[in-house]
Amino acid sequence: MTNKNHKFETRIVHAGRNPDEYFGVVNTPIARTSTILYDNLDAYFAPDTKYRYGRVNNPVAQHFEEAVSTLEGGYHAISTGSGFSAVTTSILSFVQSGDHILIVDSAYAPTRIFAQQELIKLGIEVEFYEPTLDAGIEELIRENTSVIYMESPGSYSFTTQDVAAITKIAKSHGITTILDNTYSAGLLFNPIKHGVNIAVQSAAKYISGHSDLNLGFAVADTEENYKRLKTTAVNLGVCAGPEDMFLAMRGLRTLQMRMEQANENVKPIIEWFQGQTFVQKIYNPALPDNPGHENWKKYFGGKTNGLFSVLFDPKYSWKDIARFTDALTLFPVGSSWGGYESLIQPSEMKKCREFWPHKGALLRFQVGNEHPDDLIRDLGNSVNHL
Ligand SMILES: *Cc1c(COP(=O)(O)O)cnc(C)c1O
């Protein structure tokens, strides 16, 4: 239906579906599987039989994996029950006992905890690196470094890394690179084009876009790396539910419009915060003083998603801030982001960073599809309670 000459938007509309397979039905139907019957005993033993057992492969997973591989511009993908299991499965695919792994300090907090609690148990040396290091990472590379793990922009502070500089160095040392690309949803940035081996995402964020599923994936750049991912995924029993994959593929078709809207809606809200005296610093990759802003300009085509963080003046305690957040009516407190509604999430940065010199509480805001005028009025009313 589509070919490589088509533009990205066109390919994403058609990726991972084939109406001819299903009586002309537009979207790949939800096929619920565990057992998949073989034609006969020969098919059971034939190495090229496509679907054998639902957990290992099935028609919905196949289409979802094709779609996200097109999105990321990679060879093929594994689908996983959550974004986080895509992170852990990807790391476990490329490390073994005795290895050293470099993980960006601004990684999603559970990724850090996984490294500190699980990778260490396996005898892997874990080192967190400063997110603005870029090409300076070369000095941290050891004989036994097997993986450099990036997230760009990183969680909460949205530091954007010089991905091409890092992958160039990694390749020269035979190191595998993994990048958590959830921020961009694969739309604003394609890490594989810049030399990353594995692009990981939580599909619970912008791809699904409606805060109603847990799903993830990892796309490999080559057949060889895909096979390593798939082997580890099968050995760990990792798989994803067909209804979640169906919904994520449906979300994919409107991803571009929703991301465009997020990029627009977030701007007036950030502007409002820029005029407030309680603000110590605002974090968003498009702000010129944000760490890694030059990298964001280089890699992100001038677009952001709907996230930003506010670091409060240290004179405000969480108790003070709670008076502000409790008064908000359009910004409930909730984990995750990328849905249609606005949210806030607090973070205790000192607990999830090695390199975080700042004092003061931090709130991350996700701006949804509400009208910005209403959001600003809500913020304006609530700030009187601070
Ligand atoms: C949410 C998130 C994840 C984990 O995804 P889940 O689907 O919640 O398991 C991983 N990385 C980043 C950057 C995230 O924001």
Side-chain angles (χ1 to χ4, degrees), residues 64 68 71-72 77-92 103-115 118 128 131 149-161 163 177-189 191 196 198-219 233 236 238-241 243-245 247-249 251-252 255 259 262 266 283-285 292 296 300 304-309 333-339 341 343-347 349 352-353 362-368:
F64 174 69
V68 295
L71 179 72
E72 289 284 4
I78 57 163
S79 41
T80 64
S82 69
F84 190 48
S85 64
V87 169
T88 59
T89 305
S90 296
I91 294 175
L92 289 173
I103 300 177
V104 68
D105 197 44
S106 51
Y108 177 65
T111 301
R112 172 182 213 93
I113 296 167
F114 166 74
E118 304 299 332
F128 295 97
Y149 183 93
M150 294 171 263
E151 187 181 313
S152 181
S155 288
Y156 294 108
S157 55
F158 309 110
T159 309
T160 311
Q161 299 184 249
V163 174
T177 48
I178 303 171
L179 189 145
D180 183 332
N181 195 29
T182 307
Y183 180 97
S184 92
L187 196 69
L188 307 179
F189 178 56
V196 167
I198 310 293
V200 179
Q201 278 198 49
S202 164
K205 309 292 166 57
Y206 275 101
I207 289 183
S208 64
H210 292 72
S211 313
D212 53 7
L213 57 86
N214 294 112
L215 177 67
F217 60 86
V219 181
L236 292 174
V238 166
C239 63
E243 282 161 30
D244 294 333
M245 291 188 281
L247 287 171
M249 279 192 277
L252 199 57
L255 174 62
M259 190 64 95
V266 74
Y283 292 93
N284 176 275
W296 174 78
F300 276 73
T304 71
N305 67 20
L307 289 173
F308 67 95
S309 298
V333 180
S335 292
S336 201
W337 45 273
E341 84 285 57
L343 289 174
I344 42 178
Q345 177 157 13
S347 175
M349 296 301 284
C352 58
R353 291 289 170 88
L362 185 136
L363 284 185
R364 184 184 68 197
F365 288 75
Q366 126 90 14
V367 178

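Just so it is clear, the structure is predicted and the values come from calculations on it, not from any experiment. Start at 1 and go down the list; that is how both ligands and their atoms are numbered.
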> In terms of the angle between their ring planes, are F189 and F300 parallel, tilted or perpendicular, with boundaries placed at 30° and 60°?
Replying inline: parallel

>> I'd like to check whether S202 has a polar contact with ligand 1, where a contact means an N/O of the residue lying under 3.5 Å from an N/O of the ligand.
In response: yes

>> Out of Y156, Y108, F84, who is nearest to atom 3 (C) of ligand 1 when you count heavy atoms only?
In response: Y108

> Does a side-chain heavy-atom distance below 4.5 Å link Q201 with L71?
Replying inline: yes

>> Students should be able to answer this: which protein heavy-atom is nearest to atom 15 (O) of ligand 1, and at what distance?
In response: K205 NZ, 2.7 Å

> Can you find a heavy atom in the side chain of V87 that is under 4.5 Å from one in the side chain of Y108?
Replying inline: no

> Hey, does L307 have a side-chain heavy atom less than 4.5 Å from the side chain of Y156?
Replying inline: no

> So is there a nitrogen or oxygen of N214 less than 3.5 Å from a nitrogen or oxygen in ligand 1?
Replying inline: no

> If hydrogens are left out, which of T182, D180, N181, V200 has an atom nearest to atom 11 (N) of ligand 1, that is, the closest non-hydrogen atom?
Replying inline: D180

> Are V367 and F308 close enough that some pair of their side-chain heavy atoms sits under 4.5 Å apart?
Replying inline: yes

> Which is it for W337 and ligand 1 at heavy atoms under 4.0 Å: side chain, backbone, both or neither?
Replying inline: side chain

> At a 4.0 Å threshold, what atoms of ligand 1 neighbour a non-hydrogen atom of A204?
Replying inline: 7 (O)

> What do you reckon, does G83 have a nitrogen or oxygen under 3.5 Å from a nitrogen or oxygen of ligand 1?
Replying inline: yes

> Hey, does N305 have a side-chain heavy atom less than 4.5 Å from the side chain of F158?
Replying inline: no

